[in-house]
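First listed ligand is number 1; within each ligand, the first listed atom is number 1. All values below come from the heavy atoms of this structure, side chains included, with hydrogens, waters and symmetry mates left out.
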Amino acid sequence: MITHKNISLFFIFLLLLLFLLNLYMAINFWWFVLIVLIWMGINAFGSARISSNYHVKAFCNNPSETEKKIALTFDDGPSEFTLEVLELLKKYNAKATFFCIGKNIETHPEIVKQIIADGHLVGNHSYSHSRFFDFYHEDKITDELRKTDALLEKFTSKKINFFRPPYGVTTPSISRALKVTGHKVIGWNIRSLDGGLKNQDLILSRIIKRISPGGIVLLHDTAPHSVLVLEQFLQFLQQNNYKVISVEELLNLKAYEN
Ligand SMILES: [Zn+2]
């Protein structure tokens with residue numbers, strides 16, 4: 001399996017072998033550089049791609065689902081737009097999971113309350129969602145996860161089980177922090193890119209093209225264009241007989257523990 005540990009062992013072994021070989025015959029220095037560069041490239045790819053399971057095991061879809069069932073997830077809220085998202089979900093009878101940022105929970109506690117009252121699930125998406133999160137030491141990551149859990153648990157009264165790493169990036173420090181906190185990492189296999197893209201048609205066609213049974217869609221409840229895309233997307237799902245179910249049901253995992 002291609003994991004951070006296996007790749008590290010393989011490349012350390014390869015470099016040692018080259019060093020030993022170098023004692024008997026002159027090995028060109030550029031071979032060492034090339035191997036290190038390939039190693040760094042694999043690390044970068046594995047860190048950036050949540051579905052690679054490179055640093056941590058992430059649940060990104062249910063490949064064995066054959067019925068037209070998918071799950072919707074919303075990142076980076078709660079925000080003022082979350083209420084519009086909730087209205088739409090209610091209208092189309094869809095249940096979603098909201099990966100909340102701790103500092104936003106402090107700003108909009110009443111919205112978290114509404115999310116839960118409407119029967120949706122919540123998960124941890126760090127406290128700060130800092131751009132530097134991926135460079136944090138494991139202790140700082142553990143603190144952020146615990147702080148956000150505590151904020152959410154005021155509403156759920158149960159232990160939060162799901163975590164989605166900011167930007168979907170994983171690192172050895174995040175992996176070590178998760179061993180302490182015990183969260184399950186929930187990824188996605190359909191990324192809307194609605195955080196960067198503003199063109200609604202482009203976002204919608206991107207998601208629709210990728211839809212298949214057992215998929216998990218990543219959206220954001222933080223911008224007006226995402227809300228407009230959501231309405232069209234929910235219409236599409238309804239017309240194509242897709243059922244929106246919770247991440248819990250899709251993956252057969254518990255979002256909370258007693
Ligand atoms: Zn995020």
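Side-chain atoms of H183 and D149 form a donor-acceptor pair, as typed in the model, at a separation below 3.5 Å.
Listed by chain and residue number, the protein N/O/S atoms under 2.8 Å of the Zn ion (ligand 1) are D76 OD1, H125 NE2, H129 NE2, with waters left out.
Using a 4.5 Å cut-off on side-chain heavy atoms (C-beta onward), D75 and R164 make contact. For the pair Y256 and I160, the minimum side-chain heavy-atom distance is below 4.5 Å.
For residues 89-98, the pairs satisfying side chain to side chain donor-acceptor pair (under 3.5 Å) are K91-E231, Y92-E231, Y92-Q235, with sequence neighbours left out.
A tilted orientation is assigned to the rings of F133 and F163, their planes being inclined by 30° to 60°.
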Exercise. Please step through ring pair (Phe, Tyr, Trp, His ring centres under 6.0 Å) for the pair F236 and Y242, ending with a clear verdict.
Key: CA-CA 8 Å; F236 168 86; Y242 261 97; 7.1 Å; no

